[in-house]
J.: 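Could you have a look at this structure, given as structure tokens, before my questions?
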Amino acid sequence: MIAAAVTALLSHWRRQPGQLATLILGLALATGLWSAVQAINAEARASYARAAAQLGGDAGPVLKARDGTLRLADYVALRRAGWQVSPVLEGRMRLGRETLRLVGVDGMSWPSMPGQGMTLAPADVLLPPGRLFANPETVARIGAEADLPPRIETTGLPDGVVLTDIGTAERLLNRPGALSRLLVLPDQPEGLPPLAEVAPALELTDRGRQSDAARLTDSFHLNLTAFGLLSFAVGLFIVHGTAGLAFEQRRAMFRTLRALGLPARTLTLLILTELLVLALLAGLLGLVLGYLVAAALLPDVAATLRGLYGAPVDGGLTLRPAWIASGLGMAVGGALLAGAQGVLRVARMPILSAPGLLAWSGASARARRLMALGGPALILGGLGALWLVGGLAGGFLLLGGLLLGAALLLPPLLGALLALGQTRARSVIAEWLLADLRAQLPGLSLALMALLLALATNIGVGTMVASFRLTFTGWLDQRLASELYVTTATDTEGAQLAAWLAPRADAVLPIRHAETDLAGAPARLYGIADHATYRDNWPLIDADAEVWDRVARGQGVLVNEQLARRAGLWPGAMLDLAPGWRLPVAGVYSDYGNPLGQAIVDLPALLRHNPDVPNRRFGIRIAPDRAAALAEAIRRQFDLPDDAIIEQSRLKAQSLAIFENTFVVTAALNVLTLGVAGFAILTSLLTLWTMRLPHVAPVWALGMTRRALARIEVLRSVVLAGLTALLALPLGLILAKVLLDVINVEAFGWRLPMFLFPLDWLRLFALALLAGALAAALPARRLRHLPPAALLRVFAHER
Amino acid sequence: MLLDIDRVVKRYPGAERAVLDGVSLTLDAGETLALTGESGSGKSTLLHLAGALDTVDGGEIRLDGTAYSALDDAGRAAIRRGPVALVFQQFNLVPSLTVGQNLAFHARLGGRHDPEWVTQLAQRLGLDALLARYPETLSGGQQQRVAIGRAMALRPRLLLADEPTGNLDEATGDAVLTLMLDLVAETGAALLLVTHSERIAARLGRRVHLTSGALR
């Protein structure tokens, strides 16, 4: 009995291979895009974890001195009291023009010292000259510095970081006996005396510095995950439409099987099994697709994460069992979700129910009413979530509510627009076209919802990126006001350069900074000379009166927007710059692309508290037409390599290139989502094809040519795509506003002004029309070349 | 002579023999002709060829002297929205249009829409209370009356009807046929009607019988 039923059920797919392909491809696309994003995220997180493990970031909490100076005596006291701690000395090491982060650790107690498994004796690492462990790229950049210990390549460390024994670090940093922090090791003995008794000057913090990468990039990965989910949802629209149609087309067969004695439970189980088998097939195909997409995008993602956050990510992709399992799980879950309605209908279908070809499409007035009520409810729910939950999660809930709510509102809105058009139509063709569009709307609404989501996301993300680009370009003009930027190899050379330039340039502006912690997080403290370059150009977004005079007098500090938003440091607030050094915030400036806090004080004030800050970078003001000649003169005089002198235009171009790279993944996912939506329309039109003939054949019989009907088929799809694109515009702009005012502020710490780009909308509108036309081209071509006999079959008695 | 079907041959791909094999038939203006025959005898095929819905493989069909073989797709479409109108057993109304819109549809396509005539047709066919309804909400008899109204609104010279009462009960079928014959007589159109029913065939002016692709 079961074999016969299976044969009957499968015969449908033999007769409808296109529908089977659509179902599998739709689910594969959905799974593929989702899996690609998951693979990218997993790879990036694994890279952070590897780096964190080697730098001890995941080994547990750390102890830091409350006043910033950790004493050897505290370490000794803790060890004597039985505390299992491992000392770390960290600092910046200059090698030529390179600045590397040098992390010195106790090779005996460090939880994950590289070199384990290598043919390396512990004495080689611990005894002079010691060993330096670094990423191959960093090793290559260090080059053949003769004064340094031998280098050992390890892929587990991020670029720009050198790990070594603490003794070697003391020597290289010239800080004997100094400590930066103590790592609290996992296995501590019982009955330890409390920290407050042993070392009251120290405090326990949960996170080590290296977990910053994971924390900072959380928002980026959340963004990718949101895109992945959106693509998955768009793909599920295809699956839902196709699976629904397949269920409906087989309704007569189901009734026959039931009438011939197949129990409803067996039939439902068979259909569920069929769905699961198809889902697994599609899931496997989706994993292959996902792997290919991830492999194509990962180098750009890695570059973005390195450029924007300094986070270490390898460009290679590893096949992980968890990723395969999650991809297949999503495919099966998605198929069950998309097919649930059909399976339920089969389970509850009475044997004598009459077939209704259009019932699957949810065209009933009740469904439309539910959509019209559910849409606003979801939007209000999103607004409520932002208000109640707040933060990044609240922002994403608002986005989800807005997008899904608007998608649900689309069919009722399109129906109303078409009805309005129908009352205004003059010609009989226009009247029929609009009436036909309304009748077809339920069958196409899922695909149109997918298109709406894809277009709105494109407009929203496009507006955000373009607004960001415009703001960023203006900001670069302000921030990079000097015509030349020069970096010398040593402080002595820096001093010589400044002296040599004094009579030759309009102004020489030292760029000096100290690495520090501000408001409890790593930050840079810059000292600047009082000069019109800053007064006239610096991009202040909030400031007290006489801001520059106050900074110049050493009575105020400027902070970047990230620090201001994170720590609530707006003009008037007080900021602790160092023990005993506290200044009021005089102004806040925009500082895009920088994940860290930053503050600016008067240069003499910085030097009073940090007399050893390097003096090797300078901004040089000179008439733009003399800049190239001066650059050449500096090169000759000081024998500086090409990349030591950067002209403003080149630096701007480099900065813009980093910026463009940052959004390349977003743009790629945008295009992919739009592609999936276009495919959803195509598959909907193709699956509706068999149901179109009874609508089209009478009109052909009444005297319209197949060519005219084919043209109308294309026009029909173009009109629907165009109307959807029009409705996507306001939704996209609202999306952009939420991205700029809520998501960006929460994720990156800066707020951007919103600009409008009507030309981009026109381009996208044209693209939507093109997608509609292309999607309808195949069905229209079929109709154009359909033999009259096929149309006449509609009129045949046995139909 | 309005319609001249001259030694027409029609074959379907894969079929062993021709569905129509040298069929000849003429029809004058105002004449009513019943075409009878068994299932598969080629009645509907002949009707479709006369309505320029399909093309012949041999022979010729002429309407008012115009040879169909000389017409391209657009020319044949012009025949269907001009001198010829069709009524099908399955009604084949446009499902997305209301009854009122369906009634006027063919005439508007043919550029011969006469609102007064359509109103009059709707009254005579008993459809004036149903004008805002959609076809799927009507009974079979009501749908067939709409299909007849749609065809007659064009004021065709030739009305082709393919088993127009085949889906209706006897009483409804008789009423529908009476209406159609009245309207045909009133407008001077010729009627070629395909039917299985001897009773219906007897009500028309002339009848021919098709057997295995040939007239007897």
Side-chain angles (χ1 to χ4, degrees), chain A residues 354 356-359 363 415 418-419 422-423 425-443 691-712 716 783-799, chain B residues 10 12-13 19 39-40 43-45 47-49 51-55 72-98 101-102 104-111 113 134-136 147 150-151 154 156 160 162-163 166-167 194 196:
Chain A
L357 206 57
L358 281 173
L418 292 173
Q422 211 181 338
T423 59
R426 295 278 169 90
S427 80
V428 63
I429 303 288
E431 196 176 272
W432 171 65
L433 170 69
L434 291 167
D436 187 51
L437 275 174
R438 280 180 74 195
Q440 296 297 309
L441 202 51
M691 292 155 57
R692 286 290 298 151
L693 284 186
H695 291 251
V696 168
V699 183
W700 167 77
L702 296 179
M704 279 192 75
T705 60
R706 283 167 294 170
R707 181 197 292 266
L709 286 170
R711 276 201 300 263
I712 287 176
R716 191 171 70 104
L783 181 60
R784 169 79 183 82
H785 297 286
L786 197 67
L791 284 159
L792 287 171
R793 269 198 288 276
V794 173
F795 310 128
H797 298 174
E798 61 272 18
R799 181 173 66 86
Chain B
K10 180 68 183 176
Y12 286 122
V19 66
S39 292
K43 306 183 299 291
S44 292
T45 301
L47 193 86
H48 292 155
L49 292 172
L53 289 165
D54 207 351
T55 52
D72 59 5
D73 195 43
R76 288 194 296 276
I79 292 278
R80 297 198 298 271
R81 61 175 187 269
V84 173
L86 296 114
V87 174
F88 299 96
Q89 181 184 2
Q90 301 288 348
F91 327 127
N92 292 306
L93 300 173
V94 182
S96 52
L97 297 179
T98 62
Q101 289 167 330
N102 261 293
F105 188 68
H106 201 184
R108 291 178 70 189
L109 268 185
H113 180 42
Y134 283 90
E136 64 188 14
R150 180 179 70 184
L154 188 69
L160 301 169
D162 190 1
E163 305 231 27
N167 268 351
V194 167
H196 277 105

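All chains are named by letter (A, B, ...) in the order of the sequence lines, taking the proteins before the strands, and each is independently numbered beginning at 1.
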J.: Which heavy atom of L702(A) sits nearest to which heavy atom of R81(B), and what is that distance?
T.: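 Closest approach of L702(A) to R81(B), heavy atoms only: O-CB, 3.2 Å.
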J.: Do V428(A) and H113(B) have side chains that approach each other closer than 4.5 Å (heavy atoms only, starting at C-beta)?
T.: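 Side-chain contact under 4.5 Å: no.
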J.: Taking L437(A), T705(A), V696(A) one by one, which has the highest count of heavy-atom pairs under 4.5 Å against chain B?
T.: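 Of the options given, most contacts go to T705(A).
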J.: Please determine, among A435(A), P787(A), A789(A), the option with the most heavy-atom pairs under 4.5 Å with chain B.
T.: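 Top option by heavy-atom pairs under 4.5 Å: A435(A).
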J.: What heavy-atom pair brings A701(A) and L53(B) nearest, and what distance separates the two atoms?
T.: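 For A701(A) and L53(B), the tightest heavy-atom pair comes out as CA-CD2, 3.7 Å.
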J.: Using non-hydrogen atoms and a 4.5 Å limit, figure out which bit of F88(B) sits close to chain A: side chain, backbone, both or neither.
T.: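 F88(B) touches chain A through side-chain heavy atoms alone.
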J.: Measure across R108(B) and S427(A) and return the closest heavy-atom pair with its distance rounded to 0.1 Å.
T.: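 Minimum heavy-atom contact is NH2-C, 3.8 Å.
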J.: Could you tell me if the side chain of S96(B) sits less than 4.5 Å from the side chain of R438(A), heavy atoms only?
T.: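 They are not in contact (no side-chain heavy atoms under 4.5 Å apart), so the answer is no.
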J.: For R784(A), does the CZ atom sit with more than 12 other heavy atoms under 6.0 Å from it, leaving out its own atoms?
T.: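 More than 12 heavy atoms, drawn from other residues, nucleotides or ligands, come within 6.0 Å of this atom.
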J.: Examine whether an atom of L791(A) lies under 4.5 Å from a heavy atom of chain B, and if so say whether it belongs to the side chain, the backbone or both; otherwise answer neither.
T.: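 The answer is neither part of L791(A).
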J.: Let's test your reading of the structure: which of T45(B), I79(B), L97(B) forms the most heavy-atom pairs below 4.5 Å with chain A?
T.: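 Option with the top pair count is L97(B).
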J.: State, with a plain yes or no, whether a side-chain heavy atom of R80(B) is found less than 4.5 Å away from one of W700(A).
T.: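 SC-SC contact between R80(B) and W700(A) confirmed.
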J.: At a 4.5 Å cut-off on heavy atoms, which part of Q422(A) comes close to chain B: side chain, backbone, both, or neither?
T.: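 The side chain, not the backbone.
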J.: What are the two closest heavy atoms between L109(B) and V699(A), and how far apart are they?
T.: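 Here L109(B) and V699(A) meet closest at CD1-O, 4.4 Å.
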